[in-house]
Amino acid sequence: MRILVSNDDGIYSPGLRALARAAAQYGDVRIVAPDVENSAQAHAITSTRPLRIKRTHVDDFDAWRVDGTPADCVALGTHLWDSIDLVLSGINLGLNIGNSIWHSGTLAAARQAVLLGYRGIALSTSTTDGEPDFDALTESVNQVLSLLVHSLEHQLLNVNIPPGARGVRWCRQSVRHYDGRVIPAETPYGERVYWFGVKPIEAVDHHTDRAAISEGYMSITPLHLDLTDHEALESAAAATSS
Ligand code: MN
């Protein structure tokens, strides 16, 4: 099995190394990841300049760093390496639940895989207790990979792993509006700047990734590429035909 590993935290992230080590139990691993952090860059691609790819060292893995986005890395990695079976992205330093799915570069790398005809799995962990202890997460990561690596029926999966997880829950994406608060500040030079915050508004959100994590479980959410609101489409089509 050939597994391409990428992320959005950058090639030297401890989360990437932890994922590559876990993935190596299933076959040949190659790492192609951004040379610097690309968190919250979502599914951006680099289309106005060429990309550069350089050989580097991540443990003993065949690793390459790219001056591009997570989606660029997966596009390049799948182009340069034949017959990939699976693309893994992460392990992100920070959960990707609910609306984070829209902003996440980790998720975008997995989604880029699916757009190119491969299976993609995004994995993230929380940083609320400080720097994640990836050694302590090993058992959970192995549990989730053993469940998902060969599950061919799922094209795109979003996985979140809290520390000390009690098990796995398949669940839907939490959807909450957020306040989109903008906080003005000043640089040491007196320049006015703005911080953008995304504090969720609604508190309770049952049977979702957010609920699973808050109850101490790993969340697995199958996603699809089709963003169509099928209910709205059906009612619009019905109204048009009547
Ligand atoms: Mn990140």
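Along the sequence shown, the residues carry numbers beginning at 1. Treat the numbers as computed from the prediction; the structure is a model and nothing was measured. Every number for a ligand or one of its atoms is a count from 1 in the order of the listing.
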Among side-chain atoms of T69 and N38, is any donor-acceptor pair under 3.5 angstrom? no
Scan side-chain atoms only and decide if Q25 and N142 contain a donor-acceptor pair under the 3.5 Å cut-off. yes
Are H207 and W170 close enough that their ring centers fall under 6.0 Å? no
Determine whether W64 and T56 make a side-chain contact, defined as any pair of heavy atoms from C-beta on separated by less than 4.5 Å. no
Determine how many protein N/O/S atoms sit closer than 2.8 Å to the Mn ion (ligand 1), leaving waters out since they are not shown. 4
Residues forming a side-chain hydrogen bond (donor to acceptor under 3.5 Å, both in side chains) with N96, sequence neighbours excluded: S104, S124
Side chains of Y26 and S146, donor plus acceptor under 3.5 Å: no
